[in-house]
Each structure stands twice: as C-alpha cells, then as structure tokens.
Amino acid sequence: MKNHGDYISIGDLTASEVDDVLALAAEMKADPIRFRGHMEGKTLALLFEKPSLRTRSTFEVAMNKMSGHSLYLAPADVGLGKRESTADIARNLERWVDVITARTFAHQTVLDLAEYANVPVINALTDLLHPCQALADYLTLREHLGDLSGKRLCYVGDGNNVAHSLMLGGAQVGMSVTILHPEGYEPMAQYLDQAAKIGEETGAKIDAATTLDAVDGADAVYTDVWASMGQEEEAAERDRLFRQYQVNGALMARAKEGALFLHCLPAHRGDEVTDEVADAPTSVIFDEAENRLWTQMAVMYLLTPSR
Ligand code: CP
Ligand code: NVA
C-alpha cells in the first residue's frame with residue numbers, strides 16, 4: 001500500500017502488502033497511543049450515498065486516535081452525480097481534505113473519485129466490493145485461527161460485495177473460500193477468476209457451490225443480509241429463495257467442531273442467521289466490528305505521508 005495511493009479493492013494489493021496492513025493493524029490495536037499525532041491537522045471526508053453504523057464510526061474514531069478530524073457528508077447533502085458531477089466533487093474535496101472515504105452504489109463512482117482526486121480514496125463499500133470489511137475479517141480470523149493457510153471459510157448467501165472481497169482477501173492470505181449461494185446469486189466471474197489466480201500463488205482454493213455440503217468441515221462460516229442496500233424491492237423474492245440457506249444450528253453442525261461464525265453486520269436475525277448462532281461463544285461478529293477500527297486506521301496511516 002503506497003503513500004498517496006488509493007484502496008479500492010483488496011485484490012489490487014500484493015499478498016505481502018495485505019500482510020503488512022494486518023500486521024500494522026495488530027500493532028495499532030496493541031498500542032494505539034504510539035500512533036497519536038500522525039493525522040494532526042489532517043481531515044478525512046466521509047462521502048456516503050448509503051447508511052452506515054460501523055464504517056462511519058470506525059473511520060471517525062480511527063481519525064481521532066491519530067489526532068485528525070473527519071467531515072461526514074451525508075447522502076442528501078452532496079447529491080453525488082445529481083447536484084454536482086462526481087469529477088467536480090473530487091476536484092473540490094482534494095483542495096480541502098487529505099483523504100476521501102466513499103460509500104457509493106455504482107462502483108464506477110469510487111473509481112471516478114480516485115481518478116479525479118489527487119488525495120487517497122478509500123472504498124467504504126460499493127455495489128461490487130467491500131474491501132475494508134475483508135481486512136477486518138481476516139485480522140479477526142488470524143486472531144482466532146492463527147495461520148490461515150490450509151483453512152477454509154464458507155460464505156453462505158448472496159454472491160455480493162462482501163462475498164467478492166472475502167474471496168479476494170482469502171486468496172491473499174492463503175485461506176480457501178467457498179461461496180455457497182442459491183442458483184442465480186453466484187459471485188461475479190471476474191472476481192472468482194481474479195481470486196482463483198491470486199490463490200494459485202498463495203495456495204488458497206476459491207470456488208462457488210449451491211449445495212449445503214459446501215459447509216462440511218469448514219473452519220469458519222460467514223453470512224450477510226439476503227438483500228443488500230439498494231435491493232430492498234427484491235427482499236420478498238430473496239427471502240423465499242434464500243430461506244433454505246439460513247445459518248442456523250443445524251447448518252453450523254456440518255462445519256468443523258468449534259467453527260467460527262462471522263457476519264459483517266447489520267444482521268437480520270431470524271433471516272440469514274439465528275440468534276443461537278449469532279450469540280454462540282464461537283461467534284466473532286463483534287470482534288470483526290472492532291477490527292474495522294484497527295484495520296482502517298492502518299490503511300489511512302499507510303496511505304498518508306508522515307509529517
Ligand atoms: N459492516 C458494515 O459495513 O457496516 P455499516 O454498513 O454499518 O457501515
Ligand atoms: N451486502 C451488504 C453489506 C452491508 C455492510 C450491503 O451492501 O448492504
């Protein structure tokens with residue numbers, strides 16, 4: 001991860017860059033005081049087209065811990081692409097702020113911000129990718145499972161933004177990932193291919209399946225909402241198709257004994273996951289949420305120059 005670079009996809013990094021971010025995040029978690037002052041006098045713009053609890057909070061807290069300031073720009077305030085073009089918004093923001101974090105519908109919007117803004121742009125979720133989530137998830141998995149090579153994660157649900165970044169991230173850290181999805185909700189071939197190619201170097205196997213035996217023997221099971229932000233009108237249809245993929249006690253029993261449970265959150269309890277699983281001692285969902293803070297603090301640190 002380079003000074004002044006962007007963070008758009010975990011697949012854009014090298015495996016050793018991913019290791020470096022995760023190692024720095026672990027150092028920050030162990031001793032956050034050491035990093036005070038790094039962002040003094042600097043401002044992060046949080047440009048969001050969709051709602052957020054974790055992403056907004058953790059970026060703001062991470063900025064505070066490094067003595068910086070953040071500026072939240074809510075969807076209705078900016079009118080990305082409607083009130084003003086994305087390119088012009090980027091060319092304004094770069095004059096005032098040192099880093100831009102953006103959560104958008106179209107992935108192209110984040111790419112456009114990165115093209116037009118001469119400051120680092122961080123992808124805080126698009127319809128296609130959620131690279132900040134994947135860093136927090138693999139830090140969490142390393143904390144609980146140690147070396148991830150030879151281990152396997154089974155993601156159950158929609159082949160969506162979270163699934164794509166998990167495949168790419170697993171490939172980077174050497175953890176195999178299976179995406180178990182209903183017919184018609186598979187991950188995009190471009191990301192399956194990219195992840196499989198990265199996995200050839202690191203030993204991770206990345207694949208997709210539609211039958212529940214994909215969970216058998218997994219070291220960790222992950223799920224996400226059935227209808228993502230922007231897909232609300234498909235919720236009823238998805239509810240019907242995804243119900244048999246609910247992560248409940250019976251499905252978890254197919255995984256390795258003591259298998260971890262992960263979820264990016266927000267969770268729709270009673271839909272994609274039951275309380276029994278989300279609240280089990282093997283559930284690490286709030287560790288993931290905490291690790292959003294440390295991994296994003298590491299990303300911002302690496303993308304911005306020391307004073
Ligand atoms: N997991 C996640 O990105 O949560 P928010 O949508 O609340 O930011
Ligand atoms: N797939 C979900 C993730 C939320 C963090 C969505 O895009 O809404």
Side-chain angles (χ1 to χ4, degrees), residues 7-10 25 44-63 70 72-75 100-110 122-141 153 155-169 177 179-182 185-188 191 221-235 237-239 241-242 245-247 261-269 271-273 278 283-297 299-300:
Y7 181 51
I8 305 294
S9 170
I10 194 166
L44 163 73
L46 289 151
L47 185 58
F48 278 38
E49 282 190 310
K50 301 180 182 181
S52 169
L53 169 67
R54 279 147 293 273
T55 308
R56 177 185 174 182
S57 307
T58 50
F59 268 106
E60 292 206 18
V61 173
M63 260 326 251
S70 42
Y72 176 66
L73 299 164
I100 299 170
T101 288
R103 167 169 285 196
T104 64
F105 288 99
H107 188 68
Q108 188 61 43
T109 306
V110 163
I122 300 172
N123 177 357
L125 180 150
T126 66
D127 286 349
L128 299 189
L129 295 173
H130 197 359
C132 292
Q133 183 68 49
L135 284 175
D137 297 337
Y138 287 106
L139 178 62
T140 306
L141 285 162
L153 172 71
Y155 169 97
V156 185
D158 188 20
N160 63 13
N161 44 11
V162 169
H164 292 154
S165 290
L166 275 178
M167 296 188 313
L168 294 166
V177 178
I179 305 295
L180 167 59
H181 62 86
Y185 293 88
E186 56 280 336
M188 285 168 63
Y191 295 121
V221 177
Y222 195 122
T223 193
D224 184 13
V225 292
W226 293 336
S228 285
M229 293 179 277
Q231 297 173 332
E232 290 75 12
E233 74 291 351
E234 294 175 33
E237 165 79 347
R238 284 171 175 258
D239 197 277
L241 293 168
F242 282 71
Y245 293 87
Q246 182 187 65
V247 180
F261 172 70
L262 292 90
H263 193 310
C264 54
L265 304 177
H268 292 168
R269 288 165 177 258
D271 287 346
E272 76 273 4
V273 64
S283 168
V284 295
I285 57 181
F286 300 113
D287 291 347
E288 295 171 83
E290 177 184 345
N291 285 335
R292 296 292 303 280
L293 166 60
W294 307 114
T295 45
Q296 288 157 199
M297 187 167 155
V299 168
M300 289 196 288

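Ligands are counted one by one from 1 in listed order, and the atoms in each one are counted from 1 as well.
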Main-chain N/O of [Y] paired with [X] side-chain donor or acceptor, under 3.5 Å:
{"X": "Ser57", "Y": "Arg54", "answer": "no"}
{"X": "Asn161", "Y": "His130", "answer": "no"}
{"X": "Arg103", "Y": "Ala124", "answer": "yes"}
{"X": "Glu237", "Y": "Glu234", "answer": "no"}

Requested in this report: Name the orientation class of the two ring planes belonging to Trp226 and Phe242 (parallel below 30°, tilted from 30 to 60°, perpendicular beyond 60°).
Outcome: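 It falls in the tilted class, 30° to 60°.
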Report task. Please work out which of the three classes, parallel, tilted or perpendicular, describes the rings of Tyr222 and Tyr155, given edges at 30° and 60°. Result ->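 Tyr155 vs Tyr222 ring planes: tilted.
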Requested in this report: Identify, with sequence neighbours excluded, every residue that meets ring pair (Phe, Tyr, Trp, His ring centres under 6.0 Å) alongside Phe59.
Outcome: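 Per chain and number, Phe59 pairs via ring pair (Phe, Tyr, Trp, His ring centres under 6.0 Å) with no residue.
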Pairs under 3.5 angstrom, nitrogen or oxygen on both sides, ligand 2 versus protein: list them out, please.
from     : atom 1 : to     : atom 2 : distance (Å)
ligand 2 : 1 (N)  : Asn160 : ND2    : 3.3
ligand 2 : 1 (N)  : Asn161 : OD1    : 2.9
ligand 2 : 1 (N)  : Asp224 : OD2    : 2.6
ligand 2 : 1 (N)  : Ser228 : OG     : 2.7
ligand 2 : 7 (O)  : Asn161 : ND2    : 2.8
ligand 2 : 7 (O)  : Ser228 : OG     : 3.4
ligand 2 : 8 (O)  : Met229 : N      : 2.8

Query raised in the report: salt bridge (charged side-chain N to carboxylate O under 4.0 Å, His left out) with Asp224: which residues, sequence neighbours excluded?
Result: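 Salt bridge (charged side-chain N to carboxylate O under 4.0 Å, His left out) list for Asp224, sorted by chain: empty.
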**Report entry** Close residues, ligand 1: non-hydrogen atom nearer than 4.0 Å
**Finding:**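 Within 4.0 Å of ligand 1, protein side: Ser52, Leu53, Arg54, Thr55, Arg103, His130, Gln133, Cys264, Leu265, Arg292.
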Query raised in the report: Does the pair Arg238/Asp271 count as a salt bridge with the N-to-O cut at 4.0 Å?
Result: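 Salt bridge: no.
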